[in-house]
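Position 1 is the first residue of the sequence; numbering continues from there.
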Amino acid sequence: MVHFYLDAEPVSVPFWVTDLATFRRWADSDEFPDDGRIDFFLGQVWITDMGKEQLFSHVLVKTESSFVLTGLSKVDNLGLYFGDGAYLTNERAELSVKPDGCFVSTKSFERGRVQLVPGRAGGYVELIGVPDMLLEVVSDSSVDKDNVYLRDKYAKAGIREYWIIDVRGKRLRLEILSLTDHEYVAVRPRDKWIKSIVFGKSFRLERTETPAGVPSVTLLVK
């Protein structure tokens, strides 16, 4: 077993987890950790964010994104937006990940591009296939993973849009990457607004402050 200590309890990866199939078997077992971000890609297990998440640069950003994109998804039955916690498997790219956000259009469900995977105890616990959009919020432990490795893997999986948000420190970055010829190209902002083909709207990230003086971020849409 391999042990990882990341500001939390140690996580032990069984020695028999060597490929995508065995990782998924482990992830569906009682021994799999309930918390943290544990992914499989590039032929290995990646463990990040096992400890407490940053409130303003990570948790709040995921909450704001889910609030805005869930509302948009419900308009005209556009599709479903899954917040942090939904596992996605794509066999073509040999990855199984728990992104910070995932959108599946109604058409993708209808055409079988994405299927729901039942859980052992009932319900559904995983998506398999090609969703329309994925979101990652950058943390100190995921800089290279989000900006380089997952970027390449999500493109190989055929995901139309990949969103990256980074508001650590003084950063205020929203990047929408559009899949073109099997690789991602950043959508150019127009007057600070970035157009999403998937949602048919333009977005802008803004740093704000609550009436109580607590820092916040707002995802604007038009």
Side-chain angles (χ1 to χ4, degrees), residues 1-53 58 62 80-104 108 112-121 123-166 177 179 182-184:
M1 293 185 178
V2 179
H3 301 275
F4 297 83
Y5 297 84
L6 295 170
D7 299 325
E9 294 298 319
V11 176
S12 299
V13 181
F15 71 90
W16 48 265
V17 176
T18 57
D19 56 18
L20 180 61
T22 51
F23 174 81
R24 292 182 69 201
R25 179 155 57 92
W26 175 46
D28 197 36
S29 70
D30 294 333
E31 287 71 35
F32 195 73
D34 294 327
D35 300 319
R37 177 74 184 265
I38 306 177
D39 302 323
F40 183 90
F41 59 94
L42 294 178
Q44 58 186 325
V45 177
W46 294 69
I47 302 179
T48 55
D49 297 329
M50 292 300 294
K52 296 177 180 178
E53 295 184 6
H58 209 256
K62 291 190 293 184
L80 290 177
Y81 182 81
F82 297 90
D84 181 27
Y87 256 103
L88 165 71
T89 292
N90 181 281
E91 295 180 343
R92 176 183 177 183
E94 296 185 349
L95 64 82
S96 187
V97 297
K98 189 170 69 172
D100 290 324
C102 174
F103 171 74
V104 183
S108 290
R113 287 171 56 85
V114 175
Q115 292 88 39
L116 300 171
V117 179
R120 291 182 300 131
Y124 297 95
V125 297
E126 183 181 6
L127 301 167
I128 185 168
V130 187
D132 298 79
M133 169 268 190
L134 292 180
L135 163 71
E136 296 292 357
V137 179
V138 180
S139 61
D140 289 340
S141 62
S142 71
V143 176
D144 289 338
K145 185 184 74 169
D146 294 340
N147 290 299
V148 181
Y149 306 128
L150 285 181
R151 175 174 177 153
D152 291 341
K153 280 297 183 180
Y154 289 167
K156 185 176 181 179
I159 296 161
R160 293 171 62 196
E161 278 189 0
Y162 175 32
W163 291 30
I164 302 175
I165 295 180
D166 188 352
L177 304 172
L179 188 63
H182 308 293
E183 66 179 9
Y184 284 123

Inset, instruction - Only counting residues at least two apart or in another chain, list the ones meeting salt bridge (Lys or Arg N to Asp or Glu O under 4.0 Å) with D146. - result: none
Legend entry - Pairwise side-chain contact, I128 with E91, heavy-atom cut-off 4.5 Å (strictly under): yes
Legend entry - For V17, all residues meeting side chain to side chain contact (heavy atoms under 4.5 Å, CB included), sequence neighbours excluded: V13, P14, T22, F23, W26, V45
Inset, instruction - Check the angle between the aromatic planes of F32 and Y87 and answer parallel, tilted or perpendicular using the 30° and 60° thresholds. - result: perpendicular
Legend entry - Validation row: D166, V137 side chains within 4.5 angstrom (heavy atoms): no
Inset, instruction - Output every pair passing ring-ring contact (aromatic ring centres under 6.0 Å, His included) with a member in residues 123-148, not counting sequence neighbours, ordered by first then second residue. - result: none
Inset, instruction - Report yes if the side chains of L95 and Y154 come closer than 4.5 Å at any heavy-atom pair, otherwise no. - result: yes
Inset, instruction - Decide if atom CD of Q44 counts as having more than 12 heavy atoms of other residues, nucleotides or ligands within a radius under 6.0 Å. - result: yes
Legend entry - Polar side-chain atom of K98 near backbone of G36 as donor-acceptor pair, under 3.5 Å: yes
Inset, instruction - State which residues pass salt bridge (Lys or Arg N to Asp or Glu O under 4.0 Å) with D140; sequence neighbours excluded, sorted by chain then number. - result: R168
Inset, instruction - Mark yes when over 12 heavy atoms from residues, nucleotides or ligands other than E53 sit less than 6.0 Å from its CD; otherwise mark no. - result: yes
Inset, instruction - State the OG1-CG distance between T48 and D144, to the nearest 0.5 angstrom. - result: 12.0 Å
Legend entry - N90 side chain reached by F41 side chain, heavy atoms, under 4.5 Å: no
Legend entry - Residues that S139 engages under side chain to side chain contact (heavy atoms under 4.5 Å, CB included), provided they are two or more places apart: D49, H58, S141, S142
Inset, instruction - Any chance you could measure D100, atom CG, to D84, atom CG, to the nearest 0.5 Å? - result: 5.5 Å
Inset, instruction - Quick one: pull up CZ in R151 and CG in L177 and give me the separation to the nearest 0.5 Å. - result: 4.5 Å
Inset, instruction - Identify, with sequence neighbours excluded, every residue that meets side chain to side chain contact (heavy atoms under 4.5 Å, CB included) alongside L127. - result: F82, L88, C102, V104, V114, L116
Legend entry - Pairwise side-chain contact, E126 with D28, heavy-atom cut-off 4.5 Å (strictly under): no
Inset, instruction - Report yes if the side chains of W46 and V97 come closer than 4.5 Å at any heavy-atom pair, otherwise no. - result: no
Inset, instruction - May I ask you to decide if G129's main-chain N or O and R113's side chain share a donor-acceptor pair within less than 3.5 Å? - result: no
